[in-house]
Chemist: 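The structure that follows is given in the form of structure tokens.
Because the structure is a prediction, the values reported are computed rather than measured.
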Amino acid sequence: MSTVTSADGTAIAFEAYGEGRPLILIDGATAHRAVNPVNGEVGKLLTDSFRTYAYDRRGRGESSDTAPYAIQREIEDIAALIEDAGQAAILFGWSSGSLLALDAAAAGLPVAGLVLFEPPVVVDDVRPPLPSDYVEQLDAFVAEGRRDKAAELFMTAAAMMPAEAIPGMKQSPYWAPVEEIAHTISYDGRIMGTTMSGNPLPADRWADVKVPVLVLYGDQTWPALSAGAQAVAEHLPTATLKAIPGENHGTEAATLAPVLREFADLT
């Protein structure tokens, strides 16, 4: 494990694989290296051509955290990783991590291209929008020491899991790691902003993104996620939309790595 120090002093833990063009993989809500091995597996498959960064977003895994939270702090975390790489990077984002990747590019970081996997976007009535006070509810649960309730809210309101499935999930090995970093779920809520409100995407948020963008979705995913991917691709002038056969809201390293390689060859 290695670390970089972000602008506010937060230590960001990462593993880097290979040498070559920098590729930074950005997790979505609740994920980090200890629970999402795919990023590291992708890095191992691309060692011949890329220096791939699998990192823990602040407040998760082996990275530290510094209050108060702001999206700009996470952009600075990515900037520190790019500085370590020494040249413009391709950013890949899972789910809400893809919106963070867009924000980083819009902020003017040295980004060569973006690959976005199923960005969490709802611009119609294909599914219920997030509650307007979603972030406030998450913060309140965490402040009360009820991280389990914050995790429940994420699962039911954002991931659309039925409430009756939650007791069973709490008995699974998956639940404890989610509850442990539940205080960071509101970070992703802030990053999503109004993207899951059912309203059109804000015209100005990513207007400064000029680099090539590849928007991915699994052709077996939920209709809301494929519709969201299409909405993002249509919103960004430099974007291309691509379906991944047989996948849903995730994919395997062996499937993802060649897609990233092909994209990099075109940028």
Side-chain angles (χ1 to χ4, degrees), residues 1-36 39-40 43 50-116 119-120 135-136 138-139 142-143 180-195 202 204-211 213:
M1 183 197 77
S2 301
T3 62
V4 291
T5 302
S6 194
D8 68 348
T10 301
I12 302 300
F14 70 93
E15 297 284 353
Y17 303 85
E19 296 297 334
R21 295 188 68 180
L23 170 64
I24 298 174
L25 307 178
I26 306 172
D27 278 316
T30 76
H32 53 91
R33 288 178 302 144
V35 298
N36 177 22
N39 292 346
F50 297 88
R51 178 170 174 81
T52 301
Y53 287 75
Y55 79 102
D56 293 336
R57 286 175 52 190
R58 59 175 52 215
R60 308 180 194 177
E62 296 181 284
S63 290
S64 63
D65 205 356
T66 305
Y69 177 80
I71 299 172
Q72 180 61 30
R73 303 290 82 78
E74 291 220 62
I75 294 172
E76 291 165 357
D77 300 344
I78 296 170
L81 293 168
I82 295 175
E83 182 178 359
D84 180 86
Q87 60 180 297
I90 294 172
L91 305 183
F92 170 86
W94 297 101
S95 191
S96 52
S98 65
L99 304 184
L100 177 56
L102 279 167
D103 285 345
L109 268 58
V111 172
L114 298 167
V115 182
L116 317 176
V135 169
E136 290 77 9
L138 290 169
D139 285 343
V142 171
E180 182 181 0
I181 54 84
H183 62 292
T184 69
I185 296 174
S186 68
Y187 299 178
D188 290 82
R190 287 174 168 82
I191 290 166
M192 290 188 296
T194 62
T195 63
D204 58 346
R205 180 170 174 182
W206 302 308
D208 292 330
V209 175
K210 309 298 184 185
V211 297
V213 180

Chemist: Can you run down the side-chain hydrogen bond (donor to acceptor under 3.5 Å, both in side chains) pairs that involve residues 77-92, sequence neighbours left out, and say none if there aren't any?
Modeler: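 side-chain hydrogen bond (donor to acceptor under 3.5 Å, both in side chains) check on residues 77-92 returns S6-D77, Y53-D84, R58-D77.
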Chemist: How long is the gap from CD1 on I191 to CG on L99, to the nearest 0.5 Å?
Modeler: 7.5 Å
Chemist: State, to 0.1 Å, how close I78 and A104 come at their nearest heavy-atom pair, and which atoms those are.
Modeler: CD1-CB, 4.1 Å
Chemist: How far does NE2 of H32 sit from OG1 of T184, to the nearest 0.5 angstrom?
Modeler: 8.0 Å
Chemist: Could you measure the distance from the CD1 atom of I26 to the CG atom of L91? Nearest 0.5 Å is fine.
Modeler: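 Answer for the CD1-CG pair, I26 versus L91, is 5.0 Å.
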Chemist: Is there a side-chain contact between T30 and I181 (heavy atoms, below 4.5 Å)?
Modeler: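 Side chain of T30 against side chain of I181, heavy atoms only: contact under 4.5 Å found.
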Chemist: Between D208 and A106, what is the shortest heavy-atom contact and its length?
Modeler: CB-O, 3.9 Å
Chemist: At what distance, to the nearest 0.5 angstrom, does CD1 of I24 lie from OH of Y55?
Modeler: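 Rounded to the nearest 0.5 Å, the CD1-OH separation comes out at 7.5 Å.
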Chemist: Going through the checks in order, is the side-chain contact (heavy atoms from CB on, under 4.5 Å) test met by N39 and W94?
Modeler: CA-CA 10 Å; N39 292 346; W94 297 101; 2.8 Å; yes
Chemist: Where do Y17 and A54 come nearest, in terms of heavy atoms and distance?
Modeler: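 Looking at all heavy atoms of both residues, the closest pair is CE1-CB, 4.3 Å.
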Chemist: For residues 184-193, which residue pairs qualify under salt bridge (Lys or Arg N to Asp or Glu O under 4.0 Å), counting only residues two or more places apart or in two chains?
Modeler: R57-D188, R60-D188, D139-R190
Chemist: Mind listing the closest non-hydrogen atom pair of L114 and A101 along with its distance?
Modeler: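 Minimum heavy-atom contact is CD2-O, 3.6 Å.
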Chemist: Can you name the nearest heavy-atom pair linking S98 to G93, along with the distance?
Modeler: CB-O, 3.5 Å
Chemist: What pairs of residues pass the salt bridge (Lys or Arg N to Asp or Glu O under 4.0 Å) test when at least one of them lies in residues 25-36, not counting sequence neighbours?
Modeler: E15-R33, R33-D56, R33-E62
Chemist: Ignoring hydrogens and angles, tell me if any N or O in the side chain of S96 forms a donor-acceptor pair with the backbone of A29 under 3.5 Å.
Modeler: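 At least one qualifying donor-acceptor pair exists.
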Chemist: Looking at A112 and V211, what are the two nearest heavy atoms and their distance?
Modeler: O-CB, 3.8 Å
Chemist: Let me see the working for R205 and T195 under side-chain contact (heavy atoms from CB on, under 4.5 Å), right down to the final yes or no.
Modeler: CA-CA 11 Å; R205 180 170 174 182; T195 63; 3.7 Å; yes
Chemist: How about I12 and T3: do any of their side-chain heavy atoms sit closer than 4.5 Å?
Modeler: no
Chemist: Apply side-chain contact (heavy atoms from CB on, under 4.5 Å) to the pair M1 and F14, showing each step before the final yes or no.
Modeler: CA-CA 6 Å; M1 183 197 77; F14 70 93; over 6 Å; no
Chemist: For T10, does its backbone N or O pair with a side-chain atom of S64 as donor and acceptor, under 3.5 Å?
Modeler: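 Checking the backbone N and O of T10 against the side chain of S64, no donor-acceptor pair under 3.5 Å is found.
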Chemist: Do V111 and I90 make a side-chain contact, defined as non-hydrogen atoms from C-beta onward lying under 4.5 Å apart?
Modeler: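 V111 does not reach I90 side chain to side chain.
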